[in-house]
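To keep things clear, I will list the structure first and then write my remarks on it.
For reference, positions follow the sequence shown, starting with 1. As the structure is a computational prediction, the values presented were derived from the model and not from experiment.
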Amino acid sequence: MSRPCRSAWPYWNRPDVAWSPFDDFEPLADGLVWRPETESDAIRALAQTVRELGPLHL
């Protein structure tokens, strides 16, 4: 059993896995991740925009 974020569902959809929501857990947080060698002005701008927006409650 694993506890993935609900937002990960579209990316990890597998026909051999049954998804059952758990409604009594605290929300999990997602975050931006990238390899340092791929950092660019565009990635830094995206990260700054995300910081400015702050947490989103979906």
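Applying the 4.5 Å side-chain rule to ILVMFWY residues, one finds Leu32, Trp34, Leu46, Val50 in the same cluster as Ile43.
Within the structure, salt bridge (Lys or Arg N to Asp or Glu O under 4.0 Å) contacts touching residues 40-49 (residues at least two apart or in different chains) are Glu39-Arg44, Asp41-Arg44.
Residues satisfying the salt bridge (charged side-chain N to carboxylate O under 4.0 Å, His left out) test with Arg35, not counting sequence neighbours, are Glu37. Glu52 meets the salt bridge (charged side-chain N to carboxylate O under 4.0 Å, His left out) test with no other residue; sequence neighbours excluded.
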